[in-house]
Structures are given as C-alpha cells and as structure tokens.
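A quick write-up on the structure given underneath.
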Amino acid sequence: MFARFKDVALLLGRIGVGVVFLAHGLQKWENGIDGTAKFFEQTGIPLPTLAAIFAIAVEIVGAILFIVGFLTPLVGLGFVVVSVGALLSVHLDNGLTGQGGYELVLVLAVAGLALGFNAGKLSLDHMLFGRKREAKQLQDA
C-alpha cells in the first residue's frame, strides 16, 4: 500500500515541477526566440540564441515529457542546466530569499533532478523500460 502512495506522490511531484517549467517555457515562447535571446544576451548568457532555443525546448517539450514520465533522467538534467543558468545569470545577486532570489530556481533544479532519476511506477519510463528490467532481475536471481 505504501508503494502506491509513493508512486502517486512521485507523479504529483513530476506534475508540479513540470507545470512550473512549462509555464516558464510558454512565457519564453510568447517572447519568441529573438526576444528570449535578447534577454539572455543582456544577462550575459553566452550563445544567447542557442541558449534560448535550448531553454524553450527543455521547458516546454521537456516539461511535457517529465509530466508523462518519459526520458525523465535526461529531462531532469536539462532542468538542472536551465536552472543553474538562471541562478547564475539572474538570481544569484539577489540572494537566496526575497525579491528575485534563487530559492525557487534551486528547488526546481534539485526536485527535477531527484524526480528525474526516481520517476516512479506511474511513468512511461517504468512502463516501457522498468518492467523489462525487473523481469530480467528476477531471471538473474
């Protein structure tokens, strides 16, 4: 019974983190690649156009994949890269808490990483790959 609650909690965590990244990605999408790249350039991010494309892709496509639980380790690492970029370029000087602080960015990075490597059984990763791995482990035992 505990395992079911754990898997539901992991699903809810993926949905929560994914929705926040999706919202930020959609904001960037509304600004367009050029608008996002211009902002990135102003904050000192190198290769701003490439960074804008990467951030938008990770935050929109990655968020959707994260919510359904597909390729979650890869998406979790993408979330870390995007979050560390935001932390270093925009939020660090504002401190941990307060207006513009990096507390949310930090939590999103570590939650994305943790959930990415532990998506739970209510994920496409588990349905496609985890069951095969579990069956193989039973055969090897």
Do [X] and [Y] sit in the same hydrophobic cluster, where Ile, Leu, Val, Met, Phe, Trp and Tyr count as joined when their side-chain heavy atoms come under 4.5 Å apart?
X: V20; Y: L65; result: yes
X: L74; Y: V80; result: no
X: F66; Y: V61; result: yes
X: V75; Y: F129; result: yes
X: L108; Y: I67; result: no

Would you compute the distance between atom [atom1] of [X] and atom [atom2] of [Y] and round it to the nearest 0.5 angstrom?
X: L113; Y: N118; atom1: CG; atom2: CG; answer: 11.0 Å
X: L104; Y: L96; atom1: CG; atom2: CG; answer: 11.0 Å
X: Q27; Y: I60; atom1: CD; atom2: CD1; answer: 10.5 Å

* Asked: A51: what forms a side-chain contact (heavy atoms from CB on, under 4.5 Å) with it, not counting sequence neighbours?
  ->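 Checked A51 against side-chain contact (heavy atoms from CB on, under 4.5 Å); matches are F40, I45.
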
* Among all residues two or more places apart in sequence or in another chain, which pass the side-chain contact (heavy atoms from CB on, under 4.5 Å) test with V81? -> F54

* Sequence neighbours excluded, every pair satisfying salt bridge (Lys or Arg N to Asp or Glu O under 4.0 Å) that has a member inside residues 83-109 ->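 As it turns out, there is no salt bridge (Lys or Arg N to Asp or Glu O under 4.0 Å) pair with a partner in residues 83-109 once direct neighbours are skipped.
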
* **Side-chain donor/acceptor of D7 to backbone N/O of G120, under 3.5 Å** => no

* Would you check if the side chain of N94 reaches a backbone N or O of G101 as a donor-acceptor pair within less than 3.5 Å? => no

* Of V84, L87, V90, L92, the residue whose pairing with V105 passes side-chain contact (heavy atoms from CB on, under 4.5 Å) -> L87

* Give me the one residue out of I15, T72, L115, L122 that meets side-chain contact (heavy atoms from CB on, under 4.5 Å) with L10. =>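 Testing each of I15, T72, L115, L122 against L10, the sole residue satisfying side-chain contact (heavy atoms from CB on, under 4.5 Å) is L115.
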
* Asked: Remaining members of F2's ILVMFWY cluster at a side-chain heavy-atom cut-off under 4.5 Å?
  -> none

* Mind jotting down which residue pairs meet the side chain to side chain donor-acceptor pair (under 3.5 Å) criterion with at least one end in residues 33-60? Sequence neighbours excluded, please. => K28-E59

Could you tell me whether the side chain of [Y] reaches within less than 4.5 Å of the side chain of [X], counting heavy atoms only?
X: L77; Y: F117; answer: yes
X: D125; Y: P73; answer: yes
X: L128; Y: F70; answer: yes

* Asked: F21: what forms a ring-ring contact (aromatic ring centres under 6.0 Å, His included) with it, not counting sequence neighbours?
  -> F79

* What's the shortest heavy-atom distance between G69 and S123, and which atoms? ->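 Smallest heavy-atom distance, with atoms named: O-CB, 3.6 Å.
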
* What are the two closest heavy atoms between P48 and A37, and how far apart are they? ->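 In terms of heavy atoms, the two residues are closest at CB-O, 3.3 Å.
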
